[in-house]
Amino acid sequence: MAFSSGSGKGPMADINVTPLVDVMLVLLIIFMITAPMLTHKVKIDLPQPNPNIVQPENPPEPVRLKIDQSGALYWNDTPIDELGLKAQLAVIGGQTDTSKQPEVQISAADGVAYESVARVLADAKSYGLTKIGFNEGE
């Protein structure tokens, strides 16, 4: 008999579960005490919609500005130089109603230098453009 309890010569095969039960009861009590504390309400002040703001019915088409790896600029798939870009940005930024400004969506190639993108962003900011977005490079 491998598991006989009469002889004290072999290894004991029974597991003492008393410490395990003690630990589990302590954890159960801890969770029973702390669980009600976790359900308290937190007051959050969310912004409310303003009915006085009128959204434009027909927003203008966005402008696609693409920058390729060499730093060349394309305004709606038409090649443009830096002076032409500044002129176009001045026209868009010169509009007094910012809700009628088209969004400028910048799409930079993967290998383009950061300096080219930063220069375009700085020009857009200097002409007062507020709607600038980024698309994944092609």
Side-chain angles (χ1 to χ4, degrees):
M1 300 247 171
F3 296 112
S4 66
S5 61
S7 66
K9 297 178 185 174
M12 186 172 122
D14 295 333
I15 298 174
N16 188 4
V17 293
T18 305
L20 177 65
V21 171
D22 290 343
V23 170
M24 294 305 289
L25 287 174
V26 169
L27 287 175
L28 179 66
I29 292 170
I30 290 173
F31 285 129
M32 286 173 55
I33 292 172
T34 58
M37 290 183 213
L38 297 177
T39 59
H40 67 282
K41 295 180 180 178
V42 176
K43 176 130 176 85
I44 298 176
D45 293 326
L46 296 175
Q48 300 299 320
N50 189 351
N52 298 332
I53 297 176
V54 178
Q55 296 292 330
E57 292 183 20
N58 295 327
E61 286 291 319
V63 175
R64 294 180 316 277
L65 179 63
K66 188 170 22 170
I67 306 171
D68 66 3
Q69 287 185 342
S70 65
L73 303 170
Y74 296 92
W75 185 271
N76 287 335
D77 298 326
T78 305
I80 191 171
D81 61 350
E82 195 166 340
L83 291 176
L85 174 67
K86 289 182 180 183
Q88 292 288 349
L89 293 176
V91 169
I92 293 174
Q95 295 178 354
T96 57
D97 188 8
T98 58
S99 66
K100 294 186 180 181
Q101 275 187 1
E103 178 184 3
V104 177
Q105 297 177 346
I106 299 173
S107 174
D110 289 337
V112 70
Y114 176 72
E115 178 184 354
S116 301
V117 178
R119 186 172 36 245
V120 169
L121 289 172
D123 289 342
K125 182 180 177 186
S126 68
Y127 287 109
L129 271 70
T130 57
K131 300 177 183 176
I132 301 173
F134 290 94
N135 290 334
E136 187 174 334
E138 298 174 2

Atom of [X], atom of [Y] and distance for their closest heavy-atom approach:
{"X": "L129", "Y": "Q101", "answer": "CA-OE1, 3.9 Å"}
{"X": "S116", "Y": "G71", "answer": "OG-CA, 4.1 Å"}
{"X": "A124", "Y": "L89", "answer": "N-CD1, 3.8 Å"}
{"X": "D81", "Y": "G84", "answer": "OD1-N, 2.9 Å"}

Grouping I, L, V, M, F, W and Y whenever their side-chain heavy atoms are under 4.5 Å apart, do L85 and Y74 come out in a common cluster?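 No, no single cluster joins them.
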To the nearest 0.5 Å, what is the distance between [atom1] on [X] and [atom2] on [Y]?
{"X": "I106", "Y": "L121", "atom1": "CD1", "atom2": "CG", "result": "4.5 Å"}
{"X": "Q69", "Y": "D110", "atom1": "CD", "atom2": "CG", "result": "7.5 Å"}
{"X": "D123", "Y": "L65", "atom1": "CG", "atom2": "CG", "result": "10.0 Å"}
{"X": "L28", "Y": "I33", "atom1": "CG", "atom2": "CD1", "result": "10.0 Å"}
{"X": "I132", "Y": "E103", "atom1": "CD1", "atom2": "CD", "result": "9.0 Å"}
{"X": "K125", "Y": "T130", "atom1": "NZ", "atom2": "OG1", "result": "13.0 Å"}

Between Q88 and I92, is there a side-chain heavy-atom distance shorter than 4.5 Å?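 Answer no - side chains too far apart.
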Report yes if some heavy atom in the side chain of R64 is under 4.5 Å from a heavy atom in the side chain of N76; otherwise report no.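 R64 vs N76: side chains touch.
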Using a cut-off of 6.0 Å, state whether more than 12 heavy atoms not belonging to I15 lie near its atom CD1.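 Atom CD1 in I15 is not crowded, with 12 or fewer foreign heavy atoms closer than 6.0 Å.
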Qualifying residues under side-chain contact (heavy atoms from CB on, under 4.5 Å), relative to D22, sequence neighbours excluded: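 Once residues adjacent in sequence are excluded, the partners of D22 under the side-chain contact (heavy atoms from CB on, under 4.5 Å) criterion are T18.
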